Structure formats: C-alpha cells, structure tokens
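Working notes, beginning with the structure itself.
Just the heavy atoms: all of them, side chains too, but no hydrogens, waters or symmetry mates, feed the values below. Numbers restart at 1 for each chain; the letters A, B, ... are given by sequence-line order, proteins then strands. Values in this document were obtained by computation on a predicted structure and should not be read as measured data.
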Amino acid sequence: MSGGPLIVQSDKTVLLEIDHPQSAEARGALAPFAELERAPEHVHTYRITPLALWNARAAGHDAEQVVDVLVQYARFPVPQPLLVDVAETMARYGRLQLVKNPAHGLVLVSFDKAVLAEIKRHKKIAPMLGEQIDDDTVIVHGSERGHLKQELLKVGWPAEDLAGYVDGEAHPIDLSTEEEKWALRDYQEMAAESFWSGGSGVVVLPCGAGKTMVGAAAMAKAKATTLILVTNTVSGRQWKRELVRRTSLTEDEIGEYSGEKKEIRPVTIATYQVITRKTKGVYRALDLFDSRDWGLVIYDEVHLLPAPVFRMTADLQSRRRLGLTATLVREDGREGDVFSLIGPKRYDAPWKDIEAQGWIAPADCVEVRVTLTENERMIYATAEPDERYKICATAKTKIPVVRKLIEQHAGAPTLVIGAYLDQLDELGETLDVPVIQGSTPNKEREKLFEQFREGEISCLVVSKVANFSIDLPEASVAIQVSGTFGSRQEEAQRLGRLLRPKHDGGQAHFYSVVSRDTLDADYAQHRQRFLTEQGYAYRIIDADDVLGPELPQIGE
DNA sequence: TATACCGTAA
DNA sequence: TTCCTTACGGTATA
C-alpha cells in the first residue's frame, strides 16, 4: 500500500488529497465513475454513484478497471465490501436486455430469474409487461420501451437496449472535407464512432470542442433524414451554417422549424420551445415527429432538455438518438432520464485532455475574496432571506477590485459578467464600459461585438445574455461578479467563452469576485464543482492582493 | 403581407 | 429563492 492520494471510505465517498503529487492523475482516473461533492482547499470529496458506474460501464469501462483505480491510488486498504458493491452495481447494467423477438416483437430478456421475478412484482413495471414466454423472457408492450427503461433504472436494474432502430427515410449526407480543407478531429471521430456502434446515447465534450461536427459525422453515418433539436433560434441557424459548410447538404435540404418558420425538410432544425408549445393542453407540434420517418434525432445541449421533451422521447425509442452536451449534470437532477431515454454516455473527453491537445486554451481560474464593509455587513445581516443573495453578490466593494483586474490585463479582450442589471449598469458607468443586456437592440449588440472583435473596445459588461448569445465574441479575460445562485453549467459556459485557443498560445484568465463569509461564497463554491471535477484548480486570493498597498487616507 | 410590439411561460 | 432572458404567438400598424 503506497501513500496514494485517495482515501476510499465504505460510505462510497472518496477523499482526494489535492497537494499530493499524484492527485491530478488520480482525479482523471476517478472522474469517469464518481461525482465531485465538495471541493474545499485541501481535500475534495467524491461520491461513487450507481448512475456514474453505469455510464462508465456503457462507455466501455469494466468493474476491474474501476477497482484497479481505487486500489492503485488508495492510501489505506480499500474496504472490501465497497469493492464488491462496485462490481455488483456495474454488473446490474445489462443483466436485463431489451431485444427484438421475431415472433413476439419487443421482449425483455433476463440472465437472472430472480431479477425477472423481482421486477415483475413491481407495481409500476408490471402493467408494461405482457406474457412470459419462457423462464427468462417476457413480452414488453412496444410503446412502453422508453417508460420501462425509466422505471427499471429507478429500481436499480437499468436495461441494456439492444432492440435496434428503424433506418428511417434514407437521405444522402456526406462530410465535405474536399473544398474546405478540414478534417474531423480524432476525438470527434471517436465520439461519432462510439455513438454509432452503441446505437444511441450522449457525447460529452467541452464548450468550443466542436460538438456540431460530431452531430454532422453522426448524420453522415446514418445517411437518413434527421431532426435536430436546439435551445434557441440563433444556435439553430449556427447549425444550419455549419452543416451547409461542412457537409454535402445544401441550404434547401435544411428546414427551420421555429416560431417564425415552419419548414419541414429532410434535415429539420427545431427549437425545444416550439415543440413544447401547447394550445388547450395539447402539444401542437407533435406532427413534427410523425411528419417524416426520421432516421436520427439529435438533441443539442441535453443538460437543458425540457421535461415535455423527455415525455416525447419516450415514444421515439425506435429512432436513433444522439445527445450532445458539455456536462451530464442537470440542475434538476434528471440525469437518470437522460440515461434511460436518450441513452448512456457513449463518449466523453475531459476538458484537460482537449486542452492538452491544443484545441482549447489553458485557463487560470482565480477566486478573489472581498470583505464587505461594516455597513454592507449590517445590511446583509438584517436582510430578508430572499434578498440576501442579491445583497452580497452586488456589494459595491467589488467594484474597485474589478477595476484593478481590468487594469492588470489592460488591452486584453475582457468580459465582465454578472446577473443583476443594477450592478452591471453601475459597473458600466464607473468603469466607462458599454453594457450589453437583454434590452440592448440587436443592432447595437452587433456594433459593440464588432468593435470588441476589432479591438476598438477592450472591455464589455454583459448580463445573462452571455448565457444565450453564441455570437458573443471570444475574450481572454472574464471577470464574474455575480451568478444565478449555484448554477454549475453557467460557470462552465462562462469559462467556455475564454477557451478558444489564443493565437500566441497564451492562457485565459477567469476571475470570480466573491464576498467573503456570505451566501455569495457558498454559491461560488457550488458553481465551481463541475470545473474542479474537470481538473481546473481555483486559486483563492484576497482582494487586497489585487488592490495592492493602499495609501492611508485621511478621514476614512 | 410584412413588421413591430406586448404578454406569457419557462 | 430571485432576477433575467428568450421564444412564441397574438394583435396592432402600414
């Protein structure tokens, strides 16, 4: 037993010692099957969850590898019962299989009679099952393929879906690498390949790693009509542009199905909003799914997939489904539905791996802690609970820190990002920097973006528009002054804004300005979890270290 | 017929 | 838990 960086505990938590020389290595090995729970300075706590183990299993890892990682990096002997539990949990995935039976249609096959007996007695599952054909095979009502998988996952017996797919209406699609002189990156190729051989599921890649190209590669494999679901119209148009540029598809073959237009073409791009729209309680775009014999459905930004789309997806189980996302984490905890209905994780590449290959820029993440003034602390302490976060997040004490940080990176393209308009307006005013918010007309946004790209303006203050607008120019410095409570994916997206490789190979700087000893600090910690899991280390510094020695002032 | 504006839901 | 943004679709306007 070497003095490794991990302490594996029988309650399935794993402690990682950050200062240990092997900590980065161990983190990388641990991440595929454990979720980061807490990340204070010296010791991070991970939890081994069943879903993470099943995702690892579906992505091709076996129990032996997981056990090896735990044993190899452990400081103390790993509790034997935990290792047994890991192996047993992983073995649960695939013990039940959904397959096509030539005589009976969809059937559930079990390699364990006891499991079959157990689930047949389950109240929610029993009605979806038909007659039992033999000792280990039971008929499943064809329309319950998705619902059954959801319920089986909930009771801890996730089924492997090998029932296959309809081909859908054929449509020629090829990647056009000739004229544009480009090639799929290795990881994009591998992601598309793993998806295709797995049948359906999710590909996880960092912001800016070219997920659209994985979608295009999947379409080129399917060579069939494709429905692409996106979060907003701007992103839909981006998809269309990329597909026209990178594939044999022409503009006429790609339809936009949104509030504005209702085109249905061999490749159709629809917004989540338009398909979840209801009149008198009835979904009105249901015909979109039936109007064509789709061979492939692509879900962009799976972590934002709205609940009704899960319901519709339950009925689409015979179509190939590809989910794309930067993070499997959902703030609403529906990761299990993604697993059951879209499919398990087929491929992921940690941000740090893509960084090492040079496709995204390295980033220096810094949390700057400011101390509230006596007055601010008093207001904070006596505030109503629903106002407390806003008060500490928008503390005026943050302003000089932001100013100083901008000065330190003078000339570098810098974004100041926040969630509260009052705060942003004030920052814009005192720093003399333009502010872009929801109410900023498109014309003006474009003008400012253009000036920012050209270097005429080196700093912009942006609101939550930064979460949506994909036209926002690349920057090399971001200063975050407030966020949407503890949203991890918002943090990831904000960092993602900085990660386009810099032409001089330089690194990006990501600052989070946080009020010490307040809710702001708690939420900041929660937000950082995802990126910490990806191997980003936040340095914590004091605001005074940024501001430098101050001359004593008279009358303060 | 095209565009602007507004209220609502998420 | 709030604040903020967006898309949709109806109505008004030319």
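- For A/Ser463, the side-chain atoms get nearest to C/dT5 when compared with the rest of C/dC3, C/dT5, C/dT6.
- Contact annotation for A/Ser258: backbone-only contact, meaning every heavy-atom pair under 4.0 Å involves sugar-phosphate atoms and none involves a base.
- Atom NZ of A/Lys443 is separated from atom C1' of B/dA4 by 14 Å (rounded to the nearest Å).
- In the set C/dT5, C/dT2, C/dC8, C/dC8 carries the atom at the smallest distance from any side-chain atom of A/Thr233.
- Picking from C/dT2, C/dT6, C/dC8 the nucleotide with the shortest atom distance to the side chain of A/Asp386 gives C/dT2.
- Ranking C/dT1, C/dT6, C/dA7 by closeness to the A/Val234 side chain, first place goes to C/dA7.
- A/Glu387 comes within contact range of no nucleotide atom at all, as no heavy-atom separation falls under 4.0 Å.
- A donor-acceptor pair is defined here as one N or O able to donate and one able to accept, closer than 3.5 Å; no such pair exists between the side chain of A/Arg346 and the backbone of A/Phe195.
- Side-chain proximity of A/Lys390 to C/dT5, C/dC3, C/dC8: nearest is C/dC3.
- A/Phe485 comes within contact range of at least one nucleobase, with a heavy-atom separation under 4.0 Å.
- By the 6.0 Å and 45° rule, A/Arg388 stacks over the aromatic ring of A/Tyr380.
- The interatomic distance linking A/Leu519 (CG) with C/dT1 (P) rounds to 14 Å, in whole Å.
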Could you check A/Lys240 against A/Glu256 for salt bridge (Lys or Arg N to Asp or Glu O under 4.0 Å), going step by step and ending with a plain yes or no?
CA-CA 9 Å; A/Lys240 181 167 181 175; A/Glu256 174 184 327; 5.9 Å; no
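- Here C/dC3 presents its P atom at 13 Å from OH of A/Tyr389, a figure rounded to the nearest Å.
- The side-chain hydrogen bond (donor to acceptor under 3.5 Å, both in side chains) test with A/Thr484 singles out one residue from A/Glu331, A/Arg527, A/Glu491, A/Glu490, and that residue is A/Glu490.
- Residue A/Lys261 places none of its side-chain N or O atoms closer than 4.0 Å to OP1 or OP2 of C/dA7.
- Rounded to an integer number of Å, the gap from CZ of A/Phe468 to P of B/dA10 is 15 Å.
- Ranked by how close their nearest DNA chain C nucleotide is to the 5' end, A/Val274 and A/Leu421 are led by A/Leu421.
- In the interface, the side chain of A/Lys464 is paired with the base of C/dC3 through a donor and an acceptor atom under 3.5 Å apart.
- With a 6.0 Å radius and a threshold of 12 heavy atoms from other residues, nucleotides or ligands, A/Glu37 has its CD atom above the threshold.
- At whole-Å resolution of the value, CD in A/Glu384 and C1' in C/dT1 are 13 Å apart.
- Contacts of A/Lys278 with the nucleic acid, taken as non-hydrogen atoms under 4.0 Å apart, are absent.
- The 12-atom threshold is not exceeded at CZ of A/Arg377, counting heavy atoms of other residues, nucleotides or ligands nearer than 6.0 Å.
- Here C/dC4 presents its C1' atom at 15 Å from CD1 of A/Ile417, a figure rounded to the nearest Å.
- Note on A/Thr271: a side-chain N or O is less than 4.0 Å away from OP1 or OP2 of C/dC8.
- The interatomic distance linking A/Glu301 (CD) with B/dA10 (C1') rounds to 17 Å, in whole Å.
- Per the geometry, CD belonging to A/Glu331 stands 17 Å off P belonging to C/dT2, to the nearest Å.
- The side chain of A/Arg284 lies closest to C/dG9 when the candidates are C/dT2, C/dT5, C/dG9.
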